[in-house]
Student: 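Structure provided below as structure tokens; questions to follow.
Along the sequence shown, residues are numbered consecutively beginning with 1.
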Amino acid sequence: MVKKTNLSLLILALSNLIVNGQNFLKEFGKIAKDEIELTEYALDKDAEAVVLFDIAKSYFVKTSNTFDVVFERTTRIKVLSESGIKWAEVEIPFYHEGNIYEKVYDIEASSYNFENGRLNKSTYDASNTYDEKKNEYWNIKKFAIPNVKVGSVIEFRYKINSQYKFNFRDWEFQWRIPVVYSEYEAKMIPFYEYTFILQGASKFDIYESYEDKGIPRHFGSPGAYGDNSYYDMVYKFGMENVPAFGEEEFISSINDYIIKLDFQLSKFHRLDGTHTEIITTWEDLIKELLKHQDFGKYITKSEKLASKLLDVDGLLEKSENEKFNIVLDYVKANFNWNNHNDKFATKTPNQFVEDKFGNCADINLFTIGLLNSVGVESYPLILSTREHGKIKIDYPFSHFFNYVIVLANVDGKMILADATEILSMNDRIPPRCINDKGLIIKKDKVDWIGLDCMFTSAISTFLQMDIKDNNIAVDLLKMGTEYDALYFRNSYTDKFENVKQKISTNNYSINDSSIQIQNYLDKTKPYKLRYSFTI
């Protein structure tokens, strides 16, 4: 056993020597012979592609009266198989909030192929770039690098100018494919102080920090507050031979486990020597949300608006359970979700009532206001959806949260609800929200509540078959309960054409007149689908 262990260590060491010994250049536009001749990655022989290098830096540039943050990135990838060609499709996320817009610019991208004894370069056409809206805050700039095939080396670089300094741009060291070298350089200035978290690893392979002693920079009027010159503080973080992040069946979000670096602004320093702390505790975060125009004050305004929309006095005589369901039914019947997630409302309550649609915060904060107006004690509960990742409760970072739901005290029982999900029972939250825990936004108290699913879902299928003359006539009944019922209601609906499309197959012939849907709108009962077909 000892010999086998030593042999394994020797093979791993030799593999590292092979990778590190190869000449992989880190200069854009210059391709090494080893990069062209590479046919497989020594540390992962099944890799469809490998990131040869992924290097970025962020730094502050002075504008007329403040700073912007510029992010520069350069990436090179070797395509090793047909399935690896998809890495030539590049996506660049960029942020916008209110009047703050990030700008993506200076995009360059090329592919390199060794053909007929020479290295051929194909350059991407900027006119083939397009933007796709992901949600209220994020867009994605997309483009494809041309002439990519097995054996191609592809590279791209771009810049992003951002006015948004609250979240210094994060960095992911790990991809779905292996990474030979990843580096991120952050140039900080004295006015903004950040906290960072390294996830998925205990240390960096490369870490440097030093003061850039080049030409001093200045901000503000000379002499207004004494010497206003300063130097950048440079931090360099690097990782080598990072393994691919594999497919994990029970992982809800890659963001929870991938090796990455996460920044958040913690303190803002002024020229006069004063400073402002930026959300340092959960207590502070809760206070900020409660007094925020699009969160706590939105709930208060919604509560005051309730008497114009509901018979508040009449409802006060009903039980808390009746009031809860009447309010939830009213909101679900009159307002629609635009499929956008956020913890902040995007409209005033009056605008929301007029438009009849909004994001999850518009809807659920409004619902909380109505519930409180009729005597049902309710609070907002902020969370992170499954796709967004889990909350790290040791770090009060507000950007961990991207969703808000309703927490209502109904007859002494705490109930979670989400009025965006029209076809769900009122005392349920959608599957996207079942993710670890959420923070209750309640004055003078920090409290978390688990978001585990406590209800069993099931799909039951019943078949009755009649075999005659080489044919099998089948009557089928399919029933879904709880979240499986919600899936059927949202996906199959009760529309004939939609159901027919879902169940159609080349293996049998469906009797169209036999298709029946039961309990589509009766959310307390199982969704039932019945039809017959012949094989």
Student: Tyr207 vs Phe237 aromatic rings, parallel, tilted or perpendicular, using cut-offs 30° and 60°?
Tutor: tilted
Student: Report the C-alpha separation of Val104 and Asp131 in whole Å, then their side-chain angles, then the decisive distance to 0.1 Å, and conclude whether the side-chain contact (heavy atoms from CB on, under 4.5 Å) test is met.
Tutor: CA-CA 11 Å; Val104 182; Asp131 292 347; over 6 Å; no
Student: Dump the intermediate steps for side chain to side chain donor-acceptor pair (under 3.5 Å) on Glu72 and Tyr59, then the final yes or no.
Tutor: CA-CA 9 Å; Glu72 296 184 14; Tyr59 54 90; 2.5 Å; yes
Student: Assess whether atom NZ of Lys287 is packed by more than 12 heavy atoms of other residues, nucleotides or ligands within 6.0 Å.
Tutor: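 No, the 6.0 Å shell around NZ holds no more than 12 heavy atoms from other groups.
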Student: Compute whether any side-chain donor of one residue and acceptor of the other, for Thr367 and Asn364, lie under 3.5 angstrom apart.
Tutor: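 No, Asn364 and Thr367 have no side-chain donor paired with an acceptor closer than 3.5 Å.
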Student: Which of these, Thr346, Thr348, Leu365, sits in a side chain to side chain contact (heavy atoms under 4.5 Å, CB included) with Tyr298?
Tutor: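 Testing each of Thr346, Thr348, Leu365 against Tyr298, the sole residue satisfying side chain to side chain contact (heavy atoms under 4.5 Å, CB included) is Leu365.
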Student: Using the ring of each side chain (for Trp, its six-membered ring), is Phe60 parallel, tilted or perpendicular to Tyr194, with breaks at 30° and 60°?
Tutor: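 Ring orientation of Phe60 relative to Tyr194: tilted.
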Student: Give a yes or no answer on whether the side chain of Lys291 reaches the backbone of Gly296 with a donor-acceptor pair at less than 3.5 Å.
Tutor: no
Student: Here's one to test your reading of the geometry: is the NZ or CZ of Arg176 within 45 degrees of the ring axis of Phe245 and under 6.0 Å from its centre?
Tutor: no
Student: Please say whether the positively charged group of Lys343, taken as NZ for Lys or CZ for Arg, lies over the ring of Phe295, i.e. under 6.0 angstrom from the six-membered ring centre and within 45 degrees of the axis.
Tutor: no
Student: Taking the ring of Phe24 and the ring of Tyr181, is the distance between their centroids below 6.0 Å?
Tutor: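 Aromatic pair excluded; centres sit 6.0 Å or further apart.
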Student: For a side-chain contact (heavy atoms from CB on, under 4.5 Å) check, start with the C-alpha distance between Ile440 and Ile286, then their side-chain angles and the critical distance, and finish with the verdict.
Tutor: CA-CA 9 Å; Ile440 303 172; Ile286 290 172; over 6 Å; no
Student: I would like to know whether Leu416 and Leu407 meet side-chain contact (heavy atoms from CB on, under 4.5 Å); could you show each step before the answer?
Tutor: CA-CA 5 Å; Leu416 297 176; Leu407 177 64; 3.5 Å; yes
Student: If you count every heavy atom of other residues, nucleotides or ligands that lies below 6.0 Å from Glu354 atom CD, does the total exceed 12?
Tutor: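 Atom CD in Glu354 is not crowded, with 12 or fewer foreign heavy atoms closer than 6.0 Å.
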Student: Determine whether His269 and Phe191 satisfy the following criterion, ring-ring contact (aromatic ring centres under 6.0 Å, His included), listing intermediate values before the conclusion.
Tutor: CA-CA 5 Å; His269 297 270; Phe191 310 109; 8.6 Å; no
Student: Would you confirm whether Ser209, through its side chain, and Tyr235, through its main-chain N or O, come within 3.5 Å as a donor-acceptor pair?
Tutor: no
Student: Test side-chain contact (heavy atoms from CB on, under 4.5 Å) on Tyr95 and Trp138 and set out the steps.
Tutor: CA-CA 5 Å; Tyr95 187 84; Trp138 288 96; 3.4 Å; yes
Student: I'd like to know whether the aromatic ring centres of Phe352 and Phe335 sit less than 6.0 Å apart in this structure.
Tutor: yes
Student: Would you verify whether the NZ or CZ of Lys267 falls within 45 degrees of the ring axis of Tyr192 while also being under 6.0 Å from that six-membered ring's centre?
Tutor: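 No, a cation-pi geometry is absent between Lys267 and Tyr192.
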Student: Please check if the number of heavy atoms outside Lys304 that lie under 6.0 Å from its NZ is greater than 12.
Tutor: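 Result for NZ/Lys304: open.
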Student: Classify the side-chain pair Glu482/Ser457 by whether it contains a donor and acceptor separated by less than 3.5 Å.
Tutor: no
Student: Assess the pair Phe268 and His275: is the distance between their ring centroids shorter than 6.0 Å?
Tutor: no
Student: Does Val376 offer a backbone N or O that forms a donor-acceptor pair with the side chain of Ser378 under 3.5 Å?
Tutor: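 Here the side-chain-to-backbone pair exists.
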Student: Do you know the tightest heavy-atom contact between Asp44 and Ala244?
Tutor: OD2-CB, 4.3 Å
Student: Taking salt bridge (charged side-chain N to carboxylate O under 4.0 Å, His left out) as the criterion, tell me which of Arg489, Lys523, Lys332, Arg432 meets it with Glu421.
Tutor: Arg432
Student: Determine, for Tyr379 and Lys445, whether the Lys NZ or Arg CZ falls below 6.0 Å from the six-membered ring centre while staying within 45 degrees of the axis.
Tutor: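 No.
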Student: Which word best sums up how the rings of Phe196 and Phe204 line up, parallel for under 30°, tilted for 30 to 60°, or perpendicular for over 60°?
Tutor: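 Geometry flag for Phe204 against Phe196: tilted rings.
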Student: If you measure only the distance, is there a donor-acceptor pair under 3.5 Å linking the side chains of Asn359 and Asn338?
Tutor: no
Student: Please tell me whether Tyr483 and Ser424 have a donor and an acceptor in their side chains that are separated by less than 3.5 angstrom.
Tutor: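 Side-chain D/A pair, Tyr483 to Ser424: absent.
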Student: Students often mix this up, so state it plainly: with edges at 30° and 60°, are the rings of Tyr124 and Phe143 parallel, tilted or perpendicular?
Tutor: tilted
Student: With no hydrogens and no angle check, just 3.5 Å: does a side-chain donor-acceptor pair link His96 and Glu102?
Tutor: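 Side chains of His96 and Glu102: no pair found under 3.5 Å.
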Student: Please say whether more than 12 non-hydrogen atoms of neighbouring residues, nucleotides or ligands are located less than 6.0 Å from NZ in Lys356.
Tutor: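 Check passes, neighbour count above 12.
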Student: Does the cation-pi check pass for Arg428 over Phe455, that is, NZ or CZ under 6.0 Å from the six-membered ring centre and within 45° of its axis?
Tutor: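 Arg428 over Phe455 ring: yes.
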Student: Specify whether Phe71 and Trp171 have parallel, tilted or perpendicular ring planes, treating 30° as the upper limit for parallel and 60° as the lower limit for perpendicular.
Tutor: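 Answer is tilted, since the angle falls between 30° and 60°.
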